[in-house]
S.K.: 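One structure is given below, represented as structure tokens, and several questions about it will come after.
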Amino acid sequence: MKNVAVIGAGTMGNGIAHTFAQAGFKVQLIDISEASLKRGLDTITKNLDRMVSKETITEADKKNTLDNITTFTDITEGVEYASLVVEAATENIDLKLKIFKQLSDDCSEDTILATNTSSISITQIASVTARPDQVIGMHFMNPVPIMKLVEIIRGYNTSDEVTNTIMEMSKQLGKIPVEVNDYPGFVANRILMPMINESIETLYNGVAGVSEIDTVMKLGMAHPMGPLQLADFIGLDVCLSILEVMYDGFKNPKYAPCPLLVNMVRAGKLGVKSGEGFYDYSESRKAEKVSKQFI
């Protein structure tokens, strides 16, 4: 399996494409937007340049990685020779179902179809295909080229053969795959998102301020970054979407998103990508300045 198609050139998609290409796979990076493809390739190039400057790879490694990536704006054309397709489009169930229905028609019979969804049911996604046994979750962590974990999520019908193939392929990428079952939020976000949500509730209830909450978790729990900073990094809209998926899936009020989170997303305060969330990123992408609404 040396031909891998990646659908979506955003943060996760370009990171996944980078990781496969650096490991020697031929990658077809697909996005309907030429501008998104250009931004994705620019990001990959910058990340490779950073690795060269740190002497973790050579200039030849960088060139080989970039040479392994070809871009497409048409899904049918992009997946024609793929042995594996990894979907990394927006975390929207309707969009993912539409993509997988098309992949089921466009891909060869033995192509494995994977999704990078962080919370949506693999079983539901697989249900719109003619090959539910060949559909699996590959939940990479951000930033993909650096983070070692890949959650491998089996749908209800995912075969042992497909699971074993993807587990071994993840190891070829230098990752550590962990197999989990298909329930809302899987493992990572089922544990992480309630913690982030509770941190937002703590702020909402006036128990402590933004930097105080993050400092407690960093110094007291040895977290590399505080939960509010992490929420900004992930994207508050993504956090809200995952919580809504878990709330809908479990019907348990402990997963209900905090009203403050809901209002911030409605107001467009999404974190790093919008320039403001719990912190102000207008001058620096580092969480050094608390957003003025929380001062």
S.K.: Quick check on Lys148: does its NZ atom have over 12 non-hydrogen neighbours (other residues, nucleotides or ligands) under 6.0 Å away?
M.R.: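 No - once you tally the heavy atoms of other residues, nucleotides and ligands closer than 6.0 Å, there are 12 at most.
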S.K.: Are any of the side-chain heavy atoms of Asp61 and Thr56 separated by less than 4.5 Å?
M.R.: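 Side-chain contact under 4.5 Å: no.
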S.K.: From Ile112 CD1 over to Leu84 CG, what is the distance, rounded to the nearest 0.5 angstrom?
M.R.: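 If we round to the nearest 0.5 Å, Ile112:CD1 and Leu84:CG are 6.0 Å apart.
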S.K.: Considering only distance and modelled atom types, tabulate donor-acceptor pairs under 3.5 Å from the side chains of residues 117-137, sequence neighbours left out.
M.R.:
from	atom 1	to	atom 2	distance (Å)
Thr117	OG1	Glu91	OE1	3.3
Thr117	OG1	Glu91	OE2	2.7
Thr117	OG1	Ser119	N	3.3
Thr117	OG1	Ile120	N	2.9
Ser118	OG	Glu91	OE2	3.2
Ser119	OG	Glu91	OE2	3.2
Ser121	OG	Thr123	N	3.2
Ser121	OG	Gln124	N	3.0
Ser121	OG	Asp182	OD2	3.2
Thr123	OG1	Tyr156	N	2.9
Thr123	OG1	Asp182	OD2	2.7
Ser127	OG	Gln124	O	2.5
Thr129	OG1	Ala126	O	2.8
Thr129	OG1	Arg131	N	3.2
Arg131	NH1	Ser108	O	2.7
Arg131	NH1	Thr111	O	3.2
Arg131	NH2	Ser104	O	3.1
Arg131	NH2	Cys107	O	3.0
Arg131	NH2	Ser108	O	3.3
Gln134	NE2	Glu109	O	2.9
Gln134	NE2	Thr111	O	3.0

S.K.: With the threshold set at 4.0 Å, does a side-chain nitrogen-carboxylate oxygen contact exist between Lys38 and Asp42?
M.R.: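 Here Lys38 pairs with Asp42 in a salt bridge, since their nearest N and O are under 4.0 Å apart.
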S.K.: Going by salt bridge (Lys or Arg N to Asp or Glu O under 4.0 Å), name the residues that satisfy it together with Glu161, two or more places apart in sequence or in a different chain.
M.R.: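 Salt bridge (Lys or Arg N to Asp or Glu O under 4.0 Å) list for Glu161, sorted by chain: empty.
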S.K.: Indicate every side-chain donor-acceptor pair of residues 284-295 with a distance under 3.5 Å to a residue at least two apart or in another chain.
M.R.:
from	atom 1	to	atom 2	distance (Å)
Ser284	OG	Lys286	N	3.0
Ser291	OG	Glu276	OE2	2.4

S.K.: With rounding to the nearest 0.5 angstrom, report the CD1 to CE distance, Ile152 to Met169.
M.R.: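 Answer for the CD1-CE pair, Ile152 versus Met169, is 10.5 Å.
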S.K.: Do you know which two heavy atoms are closest between Gly78 and Ala5, and how far apart they sit?
M.R.: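 In this case the closest contact between Gly78 and Ala5 is O-CB, 4.0 Å.
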S.K.: Do Val6 and Phe25 have side chains that approach each other closer than 4.5 Å (heavy atoms only, starting at C-beta)?
M.R.: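 Heavy-atom side-chain distance check fails, nothing below 4.5 Å.
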S.K.: If you measure from CZ on Phe186 to CZ on Arg154, what distance do you get to the nearest 0.5 Å?
M.R.: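 The distance works out to 14.0 Å.
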S.K.: Hey, are the side chains of Val238 and Lys273 touching, using non-hydrogen atoms and a 4.5 Å cut-off?
M.R.: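 Yes, side chains in contact.
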S.K.: For residues Met141 and Val144, determine if any side-chain heavy atom of one lies less than 4.5 Å from a side-chain heavy atom of the other.
M.R.: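 Sidechains of Val144 and Met141: no contact.
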S.K.: Using the rule that Ile, Leu, Val, Met, Phe, Trp and Tyr join whenever any side-chain heavy atoms are under 4.5 Å apart, tell me whether Ile176 and Phe20 fall into a single cluster.
M.R.: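 Different clusters: Ile176 never reaches Phe20 through Ile, Leu, Val, Met, Phe, Trp or Tyr contacts under 4.5 Å.
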S.K.: Evaluate Thr73 against Ile32 for side chain to side chain contact (heavy atoms under 4.5 Å, CB included), listing each step before the verdict.
M.R.: CA-CA 5 Å; Thr73 54; Ile32 59 172; 5.7 Å; no
S.K.: Applying a strict under-4.5 Å side-chain criterion to I, L, V, M, F, W and Y, I'd like to know whether Ile200 and Ile191 cluster together.
M.R.: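 No; Ile191 is not reachable from Ile200 via cluster members.
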S.K.: Who are the salt bridge (Lys or Arg N to Asp or Glu O under 4.0 Å) partners of Asp94, not counting sequence neighbours?
M.R.: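 If we apply the salt bridge (Lys or Arg N to Asp or Glu O under 4.0 Å) test to Asp94, skipping adjacent residues, there are no hits.
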S.K.: Could you state the interatomic distance from OG1 (Thr11) to CZ (Arg39), rounded to the nearest 0.5 Å?
M.R.: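 Thr11 OG1 to Arg39 CZ: 10.0 Å, rounded to 0.5 Å.
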S.K.: Does the side chain of Gln28 come within less than 4.5 Å of Tyr81's, by heavy atoms?
M.R.: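 No; the side chains remain at least 4.5 Å from each other.
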S.K.: Can you tell me if NZ on Lys101 sees more than 12 non-hydrogen neighbours from other groups inside 6.0 Å?
M.R.: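 Result for NZ/Lys101: open.
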S.K.: Are Thr115 and Met138 side-chain neighbours, meaning at least one heavy-atom pair lies under 4.5 Å?
M.R.: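 They are not in side-chain contact.
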S.K.: Check this for me: does any side-chain nitrogen of one of Asp67 and Lys63 sit under 4.0 Å from a carboxylate oxygen of the other?
M.R.: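 Salt bridge between Asp67 and Lys63, a charged N being under 4.0 Å from a carboxylate O: yes.
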S.K.: Does the side chain of Asn68 come under 3.5 Å of the side chain of Thr65 through a donor N or O and an acceptor N or O?
M.R.: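 Result is no, nothing qualifies.
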S.K.: Would a single hydrophobic cluster contain both Leu66 and Leu37, if residues Ile, Leu, Val, Met, Phe, Trp and Tyr are joined by side-chain heavy-atom contacts under 4.5 Å?
M.R.: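 Yes: a chain of side-chain contacts under 4.5 Å links Leu37 to Leu66.
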S.K.: Is there a side-chain contact between Glu87 and Asn116 in this structure, where contact means two heavy atoms from C-beta onward sitting under 4.5 Å apart?
M.R.: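 The answer is no, as the side chains (C-beta and beyond) never meet within the 4.5 Å cut-off.
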S.K.: Search all heavy atoms of Glu151 against all heavy atoms of Ala188 and return the closest pair with its distance.
M.R.: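 Answer, listing the atom of Glu151 first, then Ala188: OE2-N, 3.0 Å.
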S.K.: Count the heavy atoms belonging to other residues, nucleotides or ligands that lie under 6.0 Å from NZ of Lys269, then report whether that count exceeds 12.
M.R.: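 Atom NZ in Lys269 is not packed in, count stays at 12 or less.
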S.K.: According to side-chain hydrogen bond (donor to acceptor under 3.5 Å, both in side chains), who are the partners of Ser33, at least two apart in sequence or on a separate chain?
M.R.: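 Ser33 satisfies side-chain hydrogen bond (donor to acceptor under 3.5 Å, both in side chains) with Ser36 once adjacent residues are dropped.
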S.K.: Which heavy atom of Leu236 sits nearest to which heavy atom of Gly271, and what is that distance?
M.R.: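 That closest heavy-atom pairing would be CG-N, 4.3 Å.
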S.K.: Hey, does Pro227 have a side-chain heavy atom less than 4.5 Å from the side chain of Lys218?
M.R.: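 A side-chain contact is absent here, since even the closest heavy-atom pair is not under 4.5 Å.
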S.K.: Would you say Phe233 ends up clustered with Met193 if hydrophobic residues are merged whenever their side chains have heavy atoms under 4.5 Å apart, either directly or through other cluster members?
M.R.: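 Yes, same cluster.
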S.K.: Distance alone, cut at 3.5 Å: any donor-acceptor contact between the side chains of Asn197 and Tyr247?
M.R.: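 Absent: no donor and acceptor within the cut-off.
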S.K.: Mind checking what makes side-chain hydrogen bond (donor to acceptor under 3.5 Å, both in side chains) contact with Ser170, not counting sequence neighbours?
M.R.: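 Counting only residues at least two positions away or on another chain, Ser170 forms no side-chain hydrogen bond (donor to acceptor under 3.5 Å, both in side chains).
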S.K.: Do Phe100 and Val162 sit in the same hydrophobic cluster, where Ile, Leu, Val, Met, Phe, Trp and Tyr count as joined when their side-chain heavy atoms come under 4.5 Å apart?
M.R.: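 Result: no, two separate clusters.
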S.K.: Might you point out which heavy atoms bring Ile69 and Ala21 nearest each other, and give the distance in Å?
M.R.: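 The answer is CG1-CB, 3.6 Å.
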S.K.: Would you check, one step at a time, whether the test side chain to side chain donor-acceptor pair (under 3.5 Å) holds for Asp214 with Tyr279?
M.R.: CA-CA 11 Å; Asp214 278 354; Tyr279 293 88; 2.6 Å; yes
